[in-house]
Structure formats: C-alpha cells, structure tokens
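Worksheet: the structure to be examined is printed underneath.
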Amino acid sequence: MAMRRIAVAAALVALALSVPASLAQAPAPAATPSGPPNVTAVLEKGGQYTTFMRLMKETQQDTQLNSQLNSSFASNGGGYTVFAPTDNAFNNLKPGTLNSLTQQQQVALVQGHILPQYYTMESFQTASNPVRTQASGRDGPYTLNVTANTNNQLNVSTGVVEVTVNNALSTAKPLAVYSVDKVLLPEELFGAKAPAAAPTASEGKPKKGGSSDAASGPAGSDDAAPTDAASARAVGWTLAGLAALLGYLL
Ligand SMILES: *[C@@H]1O[C@H](CO)[C@@H](O)[C@H](O)[C@H]1NC(C)=O
Ligand SMILES: *[C@@H]1O[C@H](CO)[C@@H](O)[C@H](O)[C@H]1NC(C)=O
Ligand SMILES: *[C@@H]1O[C@H](CO)[C@@H](O)[C@H](O)[C@H]1NC(C)=O
Ligand SMILES: *[C@@H]1O[C@H](CO)[C@@H](O)[C@H](O)[C@H]1NC(C)=O
C-alpha cells in the first residue's frame with residue numbers, strides 16, 4: 001500500500017516536472033509569494049535608519065535575521081518583529097553610549113529590538129507582557145512590555161525607556177518593522193541592575209567596543225549559526241514538500 005503511494009508520488013513528481021513552461025507559469029494557486037523579506041532592504045528604503053543598519057551589520061544581526069526570515073518564510077513560521085530606532089534616536093543618546101558597550105553588549109542591544117514573533121498592531125493588543133526579545137543574558141531573555149489600544153497606538157517599554165511607535169515600515173509577513181524615535185536601552189545593560197562599567201563576559205577579558213575579532217561568539221544563545229540554518233532550511237524545504245505531497249495523497 002505504502003509502496004503504491006510512493007510509486008504514485010514519484011509518477012506525480014515526474015508529471016509535474018514535465019508540465020510545459022506555459023502551464024507552469026499560470027498563476028500558481030496559493031503558491032509562495034515572491035520571496036523572503038530582507039530587513040536591510042526595508043530599513044534602507046525607510047531612509048533614516050543608517051545607524052541601526054550599521055549596528056546590525058557590525059554585529060552580524062542583519063545576515064542572522066535575514067537567514068531566520070528565510071527559514072520562517074520557507075516554513076511559514078512565526079516570523080519576526082523589529083523596532084527600528086531612527087538616526088535621530090541614536091543622535092539623542094548620551095555621547096559615548098554605544099562605545100561604552102562591549103561587542104557582546106552591542107549584539108544584545110540590537111537583539112533587544114527584535115522579537116522572535118510577527119506582530120501586527122492588532123495582535124499587540126492581545127500580547128501578554130513581558131514579551132521576549134532575541135537578546136538574552138544570564139537571567140534569561142531580555143523582555144519588553146507593550147501596551148496597545150484599539151486606535152493602533154502602541155507604547156513599548158524596556159523599564160528604562162518608553163516610546164510610542166509611530167509608523168510601520170513593513171507589515172509583510174513574516175517581518176513587521178516599526179519605527180521608534182528612541183533607542184530601546186535594555187534594563188539589563190542600562191538599568192539599576194546593570195553591570196557597572198565591566199562587561200558581562202564571564203572570562204572578564206577586557207574588550208574594546210567594535211573590535212572585529214569579538215564578533216564570532218557573542219550570540220551564544222542563538223539557535224542556529226547561518227551555515228547550520230542553510231542546511232536546516234534545505235531539509236525543511238524537502239520535508240515540507242514531501243509532507244505536502246503525502247498529505248495530498250493520503
Ligand atoms: C538585502 O538587501 C540589501 C540592501 O538592498 C542587499 O545589499 C542584500 O544583498 C540583500 N540581501 C539578500 C539576502 O537579498
Ligand atoms: C534564502 O534561502 C535561499 C534558498 O532557500 C538561498 O538561496 C538564499 O541565499 C537564502 N538567503 C539568506 C539571506 O539566507
Ligand atoms: C502611551 O504613552 C502616552 C504617553 O505616556 C500615553 O499618553 C498614552 O495613553 C499611552 N498609550 C497607550 C496605548 O498605552
Ligand atoms: C512588564 O509587565 C509585567 C507584567 O504585567 C510586570 O510585572 C512588569 O513589572 C512590567 N515591567 C516593566 C518594566 O514595566
């Protein structure tokens with residue numbers, strides 16, 4: 001029985017491969033949209049996020065998030081939400097704020113602006129606080145509190161900084177990007193419990209902010225390095241395809 005289904009599946013695959021190009025180009029029923037979103041392109045288009053883009057690049061969170069978005073897109077997963085501070089927001093920080101952070105802390109700062117879930121303005125209304133971010137430290141994930149009302153007004157608080165979201169740069173699933181005019185300084189780095197001047201790195205090795213060799217291991221809690229993600233993605237595609245085919249046949 002199973003063998004016959006597999007034979008049927010193989011026949012269908014062969015048939016599908018032989019579909020003439022003209023037919024294959026017909027509007028695909030419920031097929032995948034154009035492609036995975038690209039957070040860099042969204043920010044670039046926004047025009048006033050150059051500092052955040054630079055930070056994302058320096059901490060390799062742009063390629064990391066794009067890779068995660070790729071997987072999310074492929075698997076129709078939960079998606080991501082980014083709070084993107086404007087250049088003005090960074091200009092309003094106390095001078096030296098970014099440079100006072102170690103590379104690892106800069107990674108956490110960026111990840112603290114990214115939620116591993118896709119939120120529309122409406123779905124923020126039912127989100128339960130605190131909402132976790134991609135950043136995490138010794139005490140677990142960094143979190144944000146969100147307060148939304150039915151007029152699409154949304155406030156976001158880290159405990160140190162509170163900001164009202166003014167507009168969305170993207171709401172195309174699986175990526176929502178909202179503009180904020182303050183940098184979301186995490187309580188873990190800037191609050192009362194923040195480490196004094198010392199970095200949180202357990203080795204206690206002093207590091208200069210922005211040094212490039214520190215970039216390799218800072219995001220130790222991340223679930224997948226980009227290369228692993230690529231192969232996981234390939235397997236995901238294949239499994240998703242097989243599952244869809246079997247689901248159709250059985
Ligand atoms: C994302 O967009 C940026 C800016 O447009 C571009 O340089 C980059 O190659 C894109 N990345 C991918 C994976 O398409
Ligand atoms: C996304 O996945 C496709 C193949 O599934 C790959 O060609 C592309 O390079 C990936 N992009 C990123 C940013 O990982
Ligand atoms: C957001 O914060 C502003 C200023 O503190 C306040 O007036 C407003 O009511 C808040 N909105 C929500 C939805 O909490
Ligand atoms: C966030 O919300 C939780 C749950 O309502 C609350 O316990 C916590 O004190 C809030 N934190 C901040 C920083 O507002």
Side-chain angles (χ1 to χ4, degrees), residues 32-74 79-84 89 108-110 112-115 117 119-133 135-137 139-170 172 174-175 177-194 224-227 229-234 237:
T32 48
S34 49
N38 175 340
V39 67
T40 319
V42 170
L43 293 174
E44 197 171 69
K45 189 157 171 245
Q48 48 171 343
Y49 305 92
T50 55
T51 311
F52 190 56
M53 286 169 68
R54 177 173 60 74
L55 261 184
M56 286 194 88
K57 191 168 161 62
E58 282 173 4
T59 57
Q60 294 164 21
Q61 297 305 300
D62 54 351
T63 47
Q64 162 121 358
L65 181 56
N66 278 336
S67 158
Q68 290 173 318
L69 286 166
N70 218 8
S71 313
S72 190
F73 183 80
Y80 295 85
T81 299
V82 176
F83 293 112
L109 177 70
V110 172
H113 288 76
I114 305 173
L115 313 177
Q117 183 164 348
Y119 285 101
T120 60
M121 279 291 192
E122 287 73 23
S123 62
F124 270 125
Q125 289 171 27
T126 53
S128 62
N129 284 321
V131 171
R132 58 164 292 208
T133 71
S136 68
D139 298 329
Y142 292 14
T143 59
L144 299 172
N145 277 5
V146 298
T147 330
N149 65 17
T150 48
N151 298 329
N152 279 348
Q153 192 186 47
L154 173 67
N155 288 347
V156 180
S157 170
T158 66
V160 174
V161 170
E162 172 152 28
V163 70
T164 300
V165 166
N166 11 53
N167 64 305
L169 301 180
S170 164
L175 175 66
V177 182
Y178 299 99
S179 180
V180 288
D181 58 16
K182 283 183 194 163
V183 179
L184 300 177
L185 301 176
E187 179 140 52
E188 289 81 352
L189 300 180
F190 295 92
K193 291 189 299 181
T227 41
S231 46
R233 215 160 35 238
W237 273 109

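All residue numbers in this chain count up from 1 along the given sequence. Just so you know, these numbers come straight off a predicted model, no measurement behind them. For ligands, and for the atoms within them, numbers begin at 1 and follow the listed sequence.
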(request) Could you pull out the closest heavy-atom pair between M53 and E44, with the gap in Å? (result) SD-N, 3.8 Å

(message) Could you report the tightest heavy-atom contact between Y178 and Y119, atom names first, then the distance?
(response) OH-O, 2.6 Å

(request) May I have the step-by-step check of side chain to side chain contact (heavy atoms under 4.5 Å, CB included) for L175 and F73, ending in yes or no? (result) CA-CA 9 Å; L175 175 66; F73 183 80; over 6 Å; no

Show me the donor-acceptor pairs within less than 3.5 Å that the side chains of residues 160-169 make with the rest of the protein, sequence neighbours left out.
{"unit_1": "T164", "atom_1": "OG1", "unit_2": "N155", "atom_2": "OD1", "d": "2.8"}

(request) Using a 4.5 Å cut-off on heavy atoms from C-beta on, say whether the side chain of T150 contacts that of E122. (result) no

(request) Taking the side chain as every heavy atom from C-beta outward, state whether L185 and L109 have any pair of such atoms under 4.5 Å apart. (result) yes

Counting distance only, does the side-chain N/O of [X] pair as donor-acceptor with the main-chain N or O of [Y] below 3.5 Å?
X	Y	value
Q61	T59	yes
T133	H113	no
N149	N151	yes

(message) At less than 4.0 angstrom from any non-hydrogen atom of N129, what atoms of ligand 4 do you find?
(response) 2 (O), 4 (C)

(request) Under 4.0 Å from a heavy atom of G159: give me the atoms of ligand 4 that qualify, with their elements. (result) 13 (C)

(request) Using a strict cut-off of 4.0 Å, indicate which atoms of ligand 1 neighbour a heavy atom of E44. (result) 4 (C), 5 (O)

(request) Pull out every atom of ligand 1 sitting under 4.0 Å from any heavy atom of N38, numbered as shown with elements. (result) 1 (C), 2 (O), 3 (C), 8 (C), 10 (C), 11 (N), 12 (C), 14 (O)

(message) For the 3.5 Å polar cut-off, considering only N or O atoms, please tell me whether N66 and ligand 1 meet it.
(response) no

(request) Give yes or no for whether the N/O distance cutoff of 3.5 Å, strictly under, is met between T40 and ligand 1. (result) no

(message) N145 versus ligand 4: do any nitrogen or oxygen atoms come within less than 3.5 Å of each other?
(response) yes

Below 3.5 Å only, please: the N or O atoms of ligand 3 paired with protein N or O atoms, distance on each line.
{"unit_1": "ligand 3", "atom_1": "2 (O)", "unit_2": "N155", "atom_2": "OD1", "d": "3.4"}
{"unit_1": "ligand 3", "atom_1": "2 (O)", "unit_2": "N155", "atom_2": "ND2", "d": "2.3"}
{"unit_1": "ligand 3", "atom_1": "11 (N)", "unit_2": "Q153", "atom_2": "OE1", "d": "2.9"}
{"unit_1": "ligand 3", "atom_1": "11 (N)", "unit_2": "N155", "atom_2": "ND2", "d": "3.0"}
{"unit_1": "ligand 3", "atom_1": "14 (O)", "unit_2": "N155", "atom_2": "ND2", "d": "3.2"}

